[in-house]
Structure formats: structure tokens, C-alpha cells
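One structure is given here, and the rest of the page talks about it.
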Amino acid sequence: MALSLTTTAAACGGSGTTAEPAAPSVSAPAAAPGTPAAFPVTVDHLHGTTEIKARPQRIVTIGLSDHEPVLALGYKPVGVVDWFQVTPFSNWPWAKDKWAGTEPTVLGLREDGVKFEKLVGLKPDLIFAMYSGIQKEQYDKLSKIAPVVAQPKGYDPYAAPWQDLTLLAGRALGEEAKAKELIQGISDRFAEVRKENPQWGKLTAVAADSFKAGQYSAFQKGDPKSAFLAEMGFTIPEEITKRAGTSNVAEFGSEGLNMLDVDRLVWLTTGKEPWERIKNDKVYKELKVAKEARDLFLTYQDPPIGAALSFNTVLSIPYAIDQVTPLIKK
């Protein structure tokens, strides 16, 4: 039985593949660094308040990118959800050193949801479901197995800023001070980029995707990909955010491509085939952003710059800054 977290390819981006990978072996978590914080700790989230009575030893993350703030804080989850199906799971360049060869059990793929029996079999003592669409009914079910930390209050699913996700994980793990330190370090990086590129503060930018011919998605300002561009200094058009409503994407056909005629347009795609399809759209060809080559095409793999933007975590952001900044400057 799978536990659906209302995750969709359109909402989150990604490769759209569905093959089931072989389940890796369960690995022991790393000990958290530094002086142990006092437990129990209590955290508030969308679905209530969760008490974590003791320092967790077997963490499971079912939010699409929740394992990354957990890794950054010194823990290796024993179970994860696989967003982009990279083998081995721990091979992302920004997280590889943190995993140090350890492979977690994959509890499910983005489209399939979490395999509930697999999760139970891992005997978790803490479950993170922050970057997810977990509903109250699902939260209650999981809470019978272990304490659950759901998405932060005040945000739609998949729309909480990376800072809030990192801080929530830090509080749950007794590492709030370290979480704040990591957040400040990345904030300083963004400030440096804005200082070096003040002209970006006067420009609009959009992150977009297209999964099939004639169908397009533009990510509203609350989505991690657009949030990354905003922190680089760009302005995300309000029209897209209004059209998206409670979703993190505005979806439209070729007739709506004029919304993408901005100063900088960043496409996140699965490879060259979507690039050619987008570039050959008759409407798209007529946009100024296309004619003046102010569009940037990034892939989810080889190199995984698009994946780094989609994760938009305390681990992936420094890699994304290093990769994207020179490309936008071009």
C-alpha cells in the first residue's frame, strides 16, 4: 500500500519517470555533531504540535527534499522518497560527502507515494514530512508509528521557504543554533551575488517547465525555483503568482506564453528534446526573450543544475549559486 502525499510532476518538476529502483540496504544514521541539545523538544507545524522525546536515531523523510536539511544538520535518514531517480540516491554533488557512501532505503518515487509497509519496517523514531502535501488524515496515520513533523504553518504545500524548512528541522533535531548558522551563511552568499549584480534588481525573471508539447508551467514566487531567482535579486511577475492561485505553478498552453516574455527566463527540463520542442513553438519564437536569447535552459541531470534549483535546500543552494550565476551573466 502506498501513502499518497498529493505530489504531482507538474507541481514539483522533475524527470517524470516512474521505474521502481531496487531497494538499497538500510544504513545506520550518523551521530549529530556538537553538544547534544536537551530533549524532549516540541515543534509546531501545519497539523499541530509534535513532541520529540529523545534524540532520534532512525529518521525517515517523506518530503521530497526533507533529507537535505536533515543531512546538513548531521543526520543520515534511513528512509527517503526518490524525486529524480539518480542512482545511487546519495550521488548528488552537493550531498555526496554528507552521505559518505551510505545508501538509504527508497520508500517510493515522487509519483507513486510512500510505500507504507516499507516505512513501518524501518521502525523510525522520527518522520519528516515538511516539503510535501501531507494531509491531516495521513499525518494522523503516520503519527501512530512515530512523531511526525509536517510542513510549516502559513504556507501552501511545497511553498514554504527553504529557511523555514531548515529551521523547523533544526528545532526538531535539537540543532536550532546550527540551522540558523547555515541559513545565515547562505543569506550572505545571496547578498554577495546581489551586490555584484545590482542590475538584476531591476529585472523580471521566471522559472518555467514543459512536460509535453503545447503545455507549459510557470512557477509562482512561493515556489522554491522562483524563490531562488528572487533571492538572486530578480522580481517574479505577480501575474504568474495570481494565476497559480493556491498551486505553486500557473499552467497554460501556447496562447499563454506571453506571460514568459520577461527579462530572464529559466527553463528547467529533462534534456535537449524539450529544449528543441520549446524553441520550435511558433508562439515562443516570437517572444522577445527568445529572439534576444535571454532564455536559459537547465537540465535536471548532467549537470544537475535544474535539480539543485528544484531541491532549493540548505545543501543544494550553494551549488546552484555557483552554477547559475555565471550562466545568467552570459
Side-chain angles (χ1 to χ4, degrees), residues 12-14 61 63-75 77 80 83-84 86 89-99 128 130-132 151-152 155 158-171 173 175-197 200-201 205-209 219-236 248 264 266-268 296 298-301 303-329:
C12 301
T61 62
L64 294 181
S65 60
D66 289 359
H67 57 282
E68 299 219 335
V70 172
L71 276 172
L73 293 166
Y75 289 79
V80 298
W83 188 347
F84 290 102
V86 170
F89 178 87
S90 57
N91 211 34
W92 295 109
W94 54 86
K96 189 174 182 178
D97 290 346
K98 296 293 184 181
W99 285 110
F128 281 99
M130 301 184 297
Y131 189 59
S132 76
Q151 59 260 46
Y155 300 101
Y158 309 105
W162 66 270
Q163 297 95 325
D164 290 56
L165 298 174
T166 304
L167 191 57
L168 184 57
R171 287 171 177 162
L173 296 173
E175 296 286 352
E176 185 172 358
K178 182 173 182 179
K180 289 180 178 179
E181 181 181 344
L182 292 170
I183 291 168
Q184 186 59 53
I186 292 179
S187 296
D188 292 343
R189 288 286 308 276
F190 276 123
E192 183 180 349
V193 170
R194 293 192 297 270
K195 182 179 179 180
E196 293 176 352
N197 303 278
W200 291 354
V206 170
D209 202 345
F219 297 93
Q220 60 117 312
K221 64 182 180 182
D223 179 85
K225 294 167 281 298
S226 290
F228 176 88
L229 294 175
E231 290 192 277
M232 298 279 275
F234 296 100
T235 298
I236 313 303
N248 65 327
R264 298 291 184 272
V266 178
W267 289 98
L268 299 108
L296 174 63
L298 303 176
T299 59
Y300 290 106
Q301 296 184 33
I305 306 173
L309 264 71
S310 294
F311 273 108
N312 200 48
T313 67
V314 68
L315 281 185
S316 73
I317 289 171
Y319 173 89
I321 291 174
D322 289 343
Q323 299 294 318
V324 174
T325 302
L327 294 174
I328 293 181
K329 283 183 175 181

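Just so we're clear, the structure is a prediction, and the values are computed from it rather than from any experiment.
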Inset, instruction - Would you sort out whether Tyr131 and Asn312 count as a side-chain hydrogen bond (donor to acceptor under 3.5 Å, both in side chains), showing the intermediate values? - result: CA-CA 11 Å; Tyr131 189 59; Asn312 200 48; over 6 Å; no
Legend entry - From Ile183 atom CD1 to Ile186 atom CD1, the distance as rounded to the nearest 0.5 Å: 8.0 Å
Inset, instruction - Please round to the nearest 0.5 Å and tell me the distance separating atom CD of Glu176 and atom CG of Leu168. - result: 10.0 Å
Legend entry - Over 12 foreign heavy atoms within 6.0 Å of CG, Asn91: yes
Inset, instruction - Would you check if Ile305 and Leu327 make a side-chain contact, meaning some heavy-atom pair closer than 4.5 Å? - result: yes
Legend entry - Lys329 backbone acceptor or donor facing Thr325 side chain under 3.5 Å: no
Inset, instruction - Flag the pair Asp322 and Arg189 as a salt bridge only when some basic side-chain nitrogen lies within less than 4.0 angstrom of an acidic carboxylate oxygen. - result: yes
Inset, instruction - For the residue pair Trp162 and Ser65, establish whether any side-chain heavy-atom pair is separated by less than 4.5 Å. - result: no
Legend entry - Check: Asp66 side chain, Met130 main-chain N or O, donor-acceptor pair, under 3.5 Å: yes
Inset, instruction - Measure the shortest side-chain to side-chain distance between Asn248 and Tyr155 over non-hydrogen atoms and say whether it is less than 4.5 angstrom. - result: no
Inset, instruction - Taking the side chain as every heavy atom from C-beta outward, state whether Pro161 and Thr166 have any atom pair closer than 4.5 Å. - result: no
Legend entry - Expected output: side-chain Thr61 to main-chain Gly63 donor-acceptor under 3.5 Å: no
Inset, instruction - Given side chain to side chain contact (heavy atoms under 4.5 Å, CB included), test Phe234 with Val206 step by step and report yes or no. - result: CA-CA 9 Å; Phe234 296 100; Val206 170; over 6 Å; no
Inset, instruction - Starting at OG of Ser90, measure out to NZ of Lys98 and round the result to the nearest 0.5 Å. - result: 14.0 Å
Legend entry - Heavy-atom closest pair, residues Ala207 and Leu268: CB-CD1, 3.9 Å
Inset, instruction - Indicate yes or no: at least one non-hydrogen side-chain atom of Leu182 is less than 4.5 angstrom from one of Leu73. - result: yes
Legend entry - Residues, nucleotides or ligands: over 12 heavy atoms within 6.0 Å of Glu181 CD: no
Legend entry - Interatomic spacing from CG in Leu173 to NZ in Lys178 - rounded to 0.5 Å: 10.5 Å
Legend entry - Minimal non-hydrogen separation, Ile236 against Ala205, with atom names: CD1-O, 3.3 Å
Inset, instruction - Looking only at non-hydrogen atoms, find the nearest pair between Met232 and Arg194 and report the distance. - result: O-CG, 3.5 Å
Legend entry - Residue pair Trp83 / Ser310, side-chain heavy-atom distance below 4.5 Å: yes
Legend entry - Closest non-hydrogen atom pair between Phe128 and Ala169, with its separation: CE2-CA, 3.8 Å
Legend entry - Geometric class of the Phe190/Phe228 ring pair [parallel <30°, tilted 30-60°, perpendicular >60°]: perpendicular
Legend entry - For the student: nearest non-hydrogen atoms of Gly201 and Thr235, plus distance: O-OG1, 4.4 Å
Legend entry - Validation row: Trp200, Ile328 side chains within 4.5 angstrom (heavy atoms): yes
Legend entry - Rounded distance (nearest 0.5 Å) linking atom NE2 of His67 with atom CG of Leu315: 8.0 Å
Legend entry - Approximate separation, where rounding is to 0.5 Å, of Trp92 CH2 and Glu68 CD: 9.0 Å
Inset, instruction - Can you see which heavy atom on Pro69 is nearest to which on Val314, and at what distance? - result: CA-CG1, 3.9 Å
Inset, instruction - May I ask you to test the Asp223-Tyr158 pair for a side-chain heavy-atom distance under 4.5 Å? - result: no
Inset, instruction - Look at the rings of Phe311 and Trp94 and say which category their plane angle falls in: under 30° parallel, 30 to 60° tilted, over 60° perpendicular. - result: perpendicular
Legend entry - Ser226 (side chain) donor-acceptor with Gln220 (main chain) under 3.5 angstrom: yes
Legend entry - Expected output: side-chain Ser316 to main-chain Thr313 donor-acceptor under 3.5 Å: yes
